[in-house]
There are 2 protein chains.
Amino acid sequence: MQKYKDIGLKLTPQRLAILDFLDGNMDHPSADDIYKAVSVRYPTMSFATVYNTLDSLREKGYITELTIDPAKKRFDPCTKMHHHLICTSCKRVHDIHADFLLELPEQVKGDFRVTGNHIEFYGLCPTCDKGHERRI
Amino acid sequence: MQKYKDIGLKLTPQRLAILDFLDGNMDHPSADDIYKAVSVRYPTMSFATVYNTLDSLREKGYITELTIDPAKKRFDPCTKMHHHLICTSCKRVHDIHADFLLELPEQVKGDFRVTGNHIEFYGLCPTCDKGHERRI
DNA sequence: GTACGTGCAAAGGTTTTGCATTACA
DNA sequence: TGTAATGCAAAACCTTTGCACGTAC
């Protein structure tokens, strides 16, 4: 596994399994999703290991913790600044890589030092939308 | 209490205390914050009542449940569409009532029916920013 | 009077922690 | 070999639920 050599963490089999699961994953999985997925290969996997690893990866800047789900934390291996489109029915989350101009007016910003932003778009995905009548 | 007459809920003293605490509140309190605040006047107040009331108020559209805090739900009595400016250090949340043009490109939106959006601005509030050296 | 709200305690779900054991570097 | 990670279980949180009792309407 050359790919993860420079990550600055001990590369245990469990961590490699977690890294592999997250690599390119666009589902914004929860800790439990990750635990279930890697447990298939490592039946002794524990939540402590999952949370430890996620915490280390977050500290190193390899993943982002999302606050889009009120019920649980979800994790995003894509750390490039982007936004999210969330289906309010099935809770699936799509990445939005479009850019938006979001400059706060001076009188609103005040002395606040703004360092970033994140947009949540809400709506119904095509699948969930079909459950409703819809005439144009 | 004429003010809450038309709310469509039984107006118990506990509910009135919660409504009074929330009215004009800009702190985006958690259920626990609300529980602590109203417990001063109503020592027998229970979490069940707080959550029941918050749930009813949310259903009726009088409050919004915020997902800006990974640790717990926070509630906002201001239901007019607005955004938030969050200090990553002290976690305090300010309301942003500015408008932004957020139109998703067709090829990004696809058949998704977008119904709303919410922007989180991140940064350091003036107080927390003072802890860092900062020369212009 | 009756439907609905309250309060208590217990349970459910997610995340954290302590500690002995194991294994990467 | 030494430091750091793993795994298990227990605990800590936040939130929800069941049920007997109480109260607004």
Side-chain angles (χ1 to χ4, degrees), chain A residues 1-22 28-60 62-75 91, chain B residues 1-22 28-60 62-75 91:
Chain A
M1 280 290 169
Q2 290 301 97
K3 188 155 61 169
Y4 303 122
K5 241 179 46 183
D6 302 330
I7 205 168
L9 294 172
K10 280 194 185 174
L11 290 181
T12 66
Q14 294 87 339
R15 282 186 173 172
L16 287 171
I18 292 173
L19 285 165
D20 264 355
F21 176 71
L22 288 177
H28 312 82
S30 67
D32 190 56
D33 294 333
I34 297 167
Y35 172 76
K36 283 201 180 75
V38 294
S39 289
V40 176
R41 270 208 277 160
Y42 293 90
T44 63
M45 172 72 57
S46 75
F47 271 104
T49 298
V50 173
Y51 280 108
N52 278 344
T53 299
L54 290 173
D55 223 44
S56 303
L57 291 174
R58 188 181 43 71
E59 273 175 22
K60 298 267 179 190
Y62 291 109
I63 61 172
T64 305
E65 190 182 297
L66 302 179
T67 58
I68 52 182
D69 192 329
K72 51 185 176 295
K73 292 177 186 173
R74 295 176 67 162
F75 298 88
K91 314 294 181 198
Chain B
M1 280 290 169
Q2 291 300 97
K3 186 154 65 169
Y4 303 122
K5 242 178 45 182
D6 302 330
I7 205 167
L9 295 171
K10 279 192 185 175
L11 290 181
T12 67
Q14 293 87 339
R15 283 185 171 171
L16 287 172
I18 293 173
L19 284 165
D20 263 354
F21 177 71
L22 287 177
H28 312 82
S30 66
D32 190 57
D33 294 333
I34 297 166
Y35 172 76
K36 283 202 179 76
V38 293
S39 288
V40 175
R41 271 208 277 161
Y42 293 90
T44 62
M45 173 72 57
S46 76
F47 272 104
T49 298
V50 172
Y51 281 108
N52 277 344
T53 299
L54 290 173
D55 223 45
S56 303
L57 291 174
R58 188 181 44 69
E59 273 176 22
K60 298 268 179 188
Y62 291 108
I63 62 172
T64 305
E65 189 181 298
L66 302 179
T67 58
I68 52 183
D69 191 329
K72 52 188 176 298
K73 292 178 186 173
R74 295 174 67 161
F75 298 87
K91 315 294 180 198

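- Between A:A31 and A:V50 the shortest heavy-atom distance is O-CG1, 3.8 Å.
- With respect to A:L22, the side chain to side chain contact (heavy atoms under 4.5 Å, CB included) criterion is satisfied by exactly one of A:V38, A:L57, A:T53: A:L57.
- Taking OH of B:Y35 as the start and CD1 of B:I18 as the end, the distance is 11.5 Å to the nearest 0.5 Å.
- Nucleotides of DNA chain D lying under 4.0 Å from heavy atoms of chain A occupy a range whose first and last members, 5' to 3', are D:dT3 to D:dC8.
- Note that CD1 of A:I34 and CZ of A:R74 are 10.5 Å apart. Values are rounded to the nearest 0.5 Å.
- Under the 3.5 Å distance criterion, with hydrogens and angles disregarded, a donor-acceptor pair is assigned to the side chains of B:D33 and B:S30.
- Note that the two end axes of the helix from C:dG1-D:dC25 to C:dA25-D:dT1 enclose an angle of 40°, each drawn from 5 base pairs, rounded to 10 degrees.
- Between B:P70 and B:S56, it is B:S56 whose nearest contact on DNA chain C lies nearer the 5' terminus.
- One finds the NZ atom of A:K36 at 10.5 Å from the CZ atom of A:F21 (value rounded to the nearest 0.5 Å).
- The closest donor-acceptor contact from the side chain of B:T49 to the backbone of B:M45 lies at 3.5 Å or more, if one exists at all.
- Atoms OH and CG, from B:Y4 and B:D20 in turn, are 4.5 Å apart once rounded to the nearest 0.5 Å.
- For the pair A:Q14 and C:dC24, the criterion of a side-chain N or O lying under 4.0 Å from OP1 or OP2 is not met.
- At least one side-chain heavy atom of A:E59 sits under 4.5 Å from a side-chain heavy atom of A:D55.
- The OH-P distance, from A:Y4 to C:dA25, rounds to 15 Å in whole Å.
- Of the residues in residues 31-51 of chain A, those lying under 4.0 Å from DNA chain C by heavy-atom distance are A:A31, A:A48, A:Y51.
- If you take CG on A:D69 and NE2 on A:H28, they are separated by 11.5 Å, rounding to the nearest 0.5 Å.
- Where B:S30 and A:T12 each meet DNA chain D at their nearest nucleotide, the meeting point lying more 5' is that of A:T12.
- Taking NZ of A:K73 as the reference point, atom OG1 of A:T67 lies at 10.5 Å (rounded to 0.5 Å).
- Residue-to-nucleotide proximity on DNA chain D shows that, of B:K10 and B:N52, the 5′-proximal contact is made by B:N52.
- Protein atom CG of A:D55 is 13 Å distant from nucleotide atom C1' of C:dT17, rounded to whole Å.
- As judged by a 4.0 angstrom heavy-atom cut-off over every strand, A:P13 is placed among residues touching the sugar-phosphate backbone only.
- To the nearest angstrom, C1' of C:dG5 lies 14 Å from CG of B:L19.
- Backbone-only engagement by B:K72 is indicated by non-hydrogen atom pairs under 4.0 Å involving sugar-phosphate atoms exclusively.
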